[in-house]
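The structure appears below as structure tokens.
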Amino acid sequence: MTTMESLIGLVNRIQRACTVLGDYGGSDSSFSLWEALPSVAVVGGQSSGKSSVLESIVGRDFLPRGSGIVTRRPLVLQLHKTDEGTQEYAEFLHLPKRRFTDFAMVRKEIQDETDRITGKSKQISPVPIHLSIYSPNVVNLTLIDLPGLTKVAVEGQPESIVEDIENMVRSYVEKPNSIILAISPANQDIATSDAIKLAREVDPTGERTFGVLTKLDLMDKGTNALDVIEGRSYRLQHPWVGVVNRSQADINKNTDMVLARRKEREYFATSADYGHLASRMGSEYLAKLLSKHLESVIRARIPSITSMINKSIDELESEMDHLGRPIAVDAGAQLYTILELCRAFDRIFKEHLDGGRPGGDRIYGVFDNQLPAALRKLPFDRHLSLQNVRKVVSEADGYQPHLIAPEQGYRRLIEGSLNYFRGPAEASVDAVHFVLKELVRKSLAETQELKRFPTLQAEIAAACNEALERFRDDSKKTTLRLVDMESSYLTVDFFRRLPQEVEKPGNPGTTTSPAVDRYAEGHFRRIGSNVSSYVGMVSETLRNTIPKAVVHCQVREAKMSLLNHFYIQIGKREAKQLSQLLDEDPSLMEKRQQCAKRLELYKSARDEIDSVSWAR
């Protein structure tokens, strides 16, 4: 095999692999490796002889025929040259395990597959049919047979059919890597050629266009197409090629393509008009010309193709890292994977707490804003009002009034006041608990590796929430204990430093008032003021100690032992249970599998292109 055959054959194999993986260009698909590689788009009006030209290049009668619009879906035809003596066969992408050796069945399958999408109507579809033909009698080539351009809609077709067909054809031929094979019948004025008109619009310089004249043998007697073929009527950068297709009588008699090719060679060799051009005419020469040009285009674009492949490989490897590598089957490796995933989550969770990621500052907000605000809103004004102080002190004295200071009254007022601190203490615990739960949720969502395993993700979430509940219970007990400790033992020095009230001797003749009025209003105001000062001192103390308790019992524990209980439970699980935790989303598994296949394809393509390039 020559270097040229190797290079074009390589492109064909890459395009074939892209087709199998679904990584191929279509009328509405994004850029792909398939599109980066050059191919030949066959364009012509209806009944221009497109099908006959393709069959002549292939050497087989395999395309549907009829009047009107016959090609209703793009046909991506890949020709693969095989060794001499091997059997010819065809394969469809939609029937990958079936080989067709009877080309009449190939024609029927093209028709049936077209009808599956468009129905038995005259509608068209941009969804391509992919056909590969393996034969020793072909050159390595990729041809795309497109629906014939038309000027009017016939019965059964929508009015938009003319524009629809042109837009579909245009979407293929306007791509910079597309080589345009413009088919025009010789027995019509070249100025009216639909194929040439469209080719001129998308390729005004003619660098990508090859002109083909069909039906040279059907021209009026005494006329010829030399003005076109020799470039006087319409010049292209590449030479025009004339072909003589089988006549309708030959088709009806199933004339062998080998015989048809021989008759075509004889026609040009014996033609008075075209004999001097015989070596550059005919379908066999056209196939070799296209193959040679294709090889030169491929050579020129190897650097850009290689660059595109390398970029795609980098992107695919990045995507594979994002999707994660396949999971091992043994229990030890699975346990290791689970622990690594847990550590990845734990690392992100700690970053949120420590400030590497947003969220941890909300805990400080609880202590700096919510707790002080809650302490300021406590109803001490009502509890230490003059009326309530008089009531509590008097009830504490009972039938026997206090002698110097109402100690029991003081204690009852203080204990009642300190009891209000339980609410803010519990609220602080709950607020931090809510923040920690939110950070767990965010950390799980941000752990990309865990997205592969929804079951494991759910188990980790449940284990974290269970641990946070335990931490909250401990924190509540501790913070409430702080409040209770303040009530259990009052700070004696505070009251010893208070100025003592000295009782003034009264008038012996004065009648004693009832118990509720036994002291003046100023006395009770001083009691309320003293208790308020003491409660204020305790409030400042709790404002500092409650955050310490919450951080110690909740935040610190979450950082140090959030998943400790989960680790113990995981270590006790059987291999089957570990596998269930690593049961991936099927769509994700499919996505990774496709990504791996594409990565393998691109790497193989790069290696083969490199090897062929070095062999030049």
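Position 1 is the first residue of the sequence; numbering continues from there.
Here the side chains of L581 and F453 are not in contact, with every heavy-atom distance at 4.5 Å or above. Residues Y172 and P128 form a side-chain contact, since some pair of their non-hydrogen atoms from C-beta on lies under 4.5 Å apart. Contact check for L294 versus I179: side-chain heavy atoms found under the 4.5 Å cut-off. Residues I133 and Q78 fail the side-chain proximity criterion, which asks for heavy atoms closer than 4.5 Å. Side-chain contact between V76 and L143 is absent, with no heavy-atom pair separated by less than 4.5 Å. Between V169 and I165, the closest side-chain pair of non-hydrogen atoms falls below 4.5 Å. Side-chain atoms of C342 and Y567, non-hydrogen and from C-beta on, do get closer than 4.5 Å to each other. For the pair L563/C464, a side-chain contact is recorded, criterion being any heavy-atom separation below 4.5 Å from C-beta on.
Inspection of the S160 and D164 side chains reveals an N or O donor paired with an N or O acceptor under 3.5 Å. Judged by distance alone, the side chains of T541 and E486 never bring a donor and an acceptor atom under 3.5 Å apart. At a cut-off of 3.5 Å, with distance as the only test, a side-chain donor of E88 or S135 sits close to an acceptor on the other residue. Between H130 and E91, the side chains place no donor N or O within less than 3.5 Å of an acceptor N or O (distance only, hydrogens not considered). Using modelled atom types and a 3.5 Å distance limit, the side chains of E446 and H352 yield a donor-acceptor pair. For the residue pair Q448 and K451, a side-chain donor N or O sits within less than 3.5 Å of a side-chain acceptor on the partner.
Remark: side-chain polar atoms of S178 are not paired, donor with acceptor, to backbone N or O of K175 under 3.5 angstrom. At least one donor-acceptor pair closer than 3.5 Å links the side chain of S443 to the backbone N or O of L439. The backbone N or O of E449 sits nowhere less than 3.5 Å from a side-chain atom of T447 that would complete a donor-acceptor pair. Under the 3.5 Å distance criterion, the side-chain polar atoms of D145 are left unmatched by any main-chain donor or acceptor of L75. The closest donor-acceptor contact from the side chain of S312 to the backbone of M308 lies under 3.5 Å. The main-chain N or O of I302 is found under 3.5 Å from a side-chain atom of T306 such that the two form a donor-acceptor pair. Y534 places a side-chain N or O within 3.5 Å of a backbone atom of T491 that can act as its donor or acceptor partner. Without hydrogens or angle criteria, R208 side chain to V202 main chain gives a donor-acceptor distance under 3.5 Å. Between the side chain of N544 and the main chain of E540, a donor-acceptor pair closer than 3.5 Å is present.
Atom CZ of F434 has 12 or fewer neighbouring heavy atoms from other residues, nucleotides or ligands inside a 6.0 Å radius. By the neighbour-count criterion of 12 heavy atoms within 6.0 Å, atom CD of E600 is sparsely surrounded, having that number or fewer from other residues, nucleotides or ligands. More than 12 heavy atoms of other residues, nucleotides or ligands sit less than 6.0 Å from atom CG of D354. No more than 12 heavy atoms of other residues, nucleotides or ligands shown are found within 6.0 angstrom of NZ on K437.
Taking OG of S428 as the start and CG of L371 as the end, the distance is 4.0 Å to the nearest 0.5 Å. The structure places CG of L146 at 10.5 Å from CD1 of I180, a figure rounded to the nearest 0.5 Å. Here the straight-line distance linking atom CD1 of I363 with atom CG of L353 works out to 5.5 Å at 0.5 Å rounding. Between atom NZ of residue K576 and atom CD of residue Q580 there is a gap of 6.0 Å, rounded to the nearest 0.5 Å. Rounded to the nearest 0.5 angstrom, E590 CD and C595 SG are separated by 11.5 Å. We find the CZ-CD distance between F345 and Q457 to be 9.5 Å, quoted to the nearest 0.5 Å.
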Kindly determine whether T114 and R72 satisfy side chain to side chain donor-acceptor pair (under 3.5 Å), including the steps that lead there.
CA-CA 7 Å; T114 299; R72 291 181 286 128; 5.5 Å; no
Test side chain to side chain donor-acceptor pair (under 3.5 Å) applied to H552 and E557, step by step:
CA-CA 7 Å; H552 181 81; E557 285 300 312; 5.6 Å; no
Working note: I110 + V106, criterion side chain to side chain contact (heavy atoms under 4.5 Å, CB included); need CA distance, chi angles, decisive distance, verdict.
CA-CA 6 Å; I110 293 173; V106 173; 4.1 Å; yes
Decide salt bridge (charged side-chain N to carboxylate O under 4.0 Å, His left out) for K476 and D430; before the verdict, give the C-alpha distance in whole Å, the side-chain angles of both, and the deciding distance to 0.1 Å.
CA-CA 9 Å; K476 273 192 179 178; D430 290 336; 3.3 Å; yes
How far apart are the C-alpha atoms of R357 and K442, what are their side-chain angles, what is the distance that settles it, and do they pass the side chain to side chain contact (heavy atoms under 4.5 Å, CB included) test?
CA-CA 10 Å; R357 295 171 186 252; K442 287 183 67 175; over 6 Å; no
Applying side chain to side chain contact (heavy atoms under 4.5 Å, CB included), run through D484 and L418 and close with a yes or a no.
CA-CA 8 Å; D484 292 341; L418 297 186; over 6 Å; no
Run the ring pair (Phe, Tyr, Trp, His ring centres under 6.0 Å) check on F100 and F92 step by step: do they pass?
CA-CA 9 Å; F100 292 78; F92 287 93; 5.3 Å; yes
Check step by step if side chain to side chain contact (heavy atoms under 4.5 Å, CB included) holds for I570 and L578.
CA-CA 8 Å; I570 284 292; L578 294 176; 4.3 Å; yes
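Using a cutoff of 4.0 Å between basic side-chain nitrogens and carboxylate oxygens, E174 and R170 are not scored as salt-bridged. Contact check on E466 versus R470 returns a salt bridge, with a Lys/Arg side-chain nitrogen under 4.0 Å from an Asp/Glu carboxylate oxygen. Of the charged side-chain nitrogens involved, none lies within less than 4.0 Å of a carboxylate oxygen, so that D473 and K477 do not count as a salt-bridged pair. In summary, D607 and K603 do not engage in a salt bridge, as defined by a charged side-chain N under 4.0 Å from a carboxylate O. A salt bridge between E415 and R412 is absent, with no side-chain N of the basic residue lying under 4.0 Å from a carboxylate O of the acidic one. Using a cut-off of 4.0 Å between Lys/Arg side-chain N and Asp/Glu carboxylate O, E469 and R472 are scored as salt-bridged.
Closest approach of G359 and V435 over heavy atoms only: O-CG1, 4.0 Å. Taking each heavy atom of N369 and P372 in turn, the nearest pair found is O-CD, 3.4 Å. A pairwise comparison of heavy atoms in M168 and S125 identifies CE-O, 3.4 Å as the closest pair. P96 and L93 get closest at one heavy-atom pair: CD-O, 3.4 Å. Taking all atoms of both residues into account, the shortest heavy-atom contact from L436 to F349 is O-CE1, 4.0 Å. For the residue pair Y420 and P379, the shortest heavy atom distance occurs at CE2-CG, 3.6 Å.
Ring geometry, Y134 versus Y89: the interplanar angle falls under 30°, so the pair is classed parallel (tilted spans 30 to 60°).
A cation-pi contact, defined as under 6.0 Å to the ring centre and within 45° of the axis, is absent between R107 and F62.
With sequence neighbours excluded, the residues satisfying salt bridge (Lys or Arg N to Asp or Glu O under 4.0 Å) with R73 are E113.
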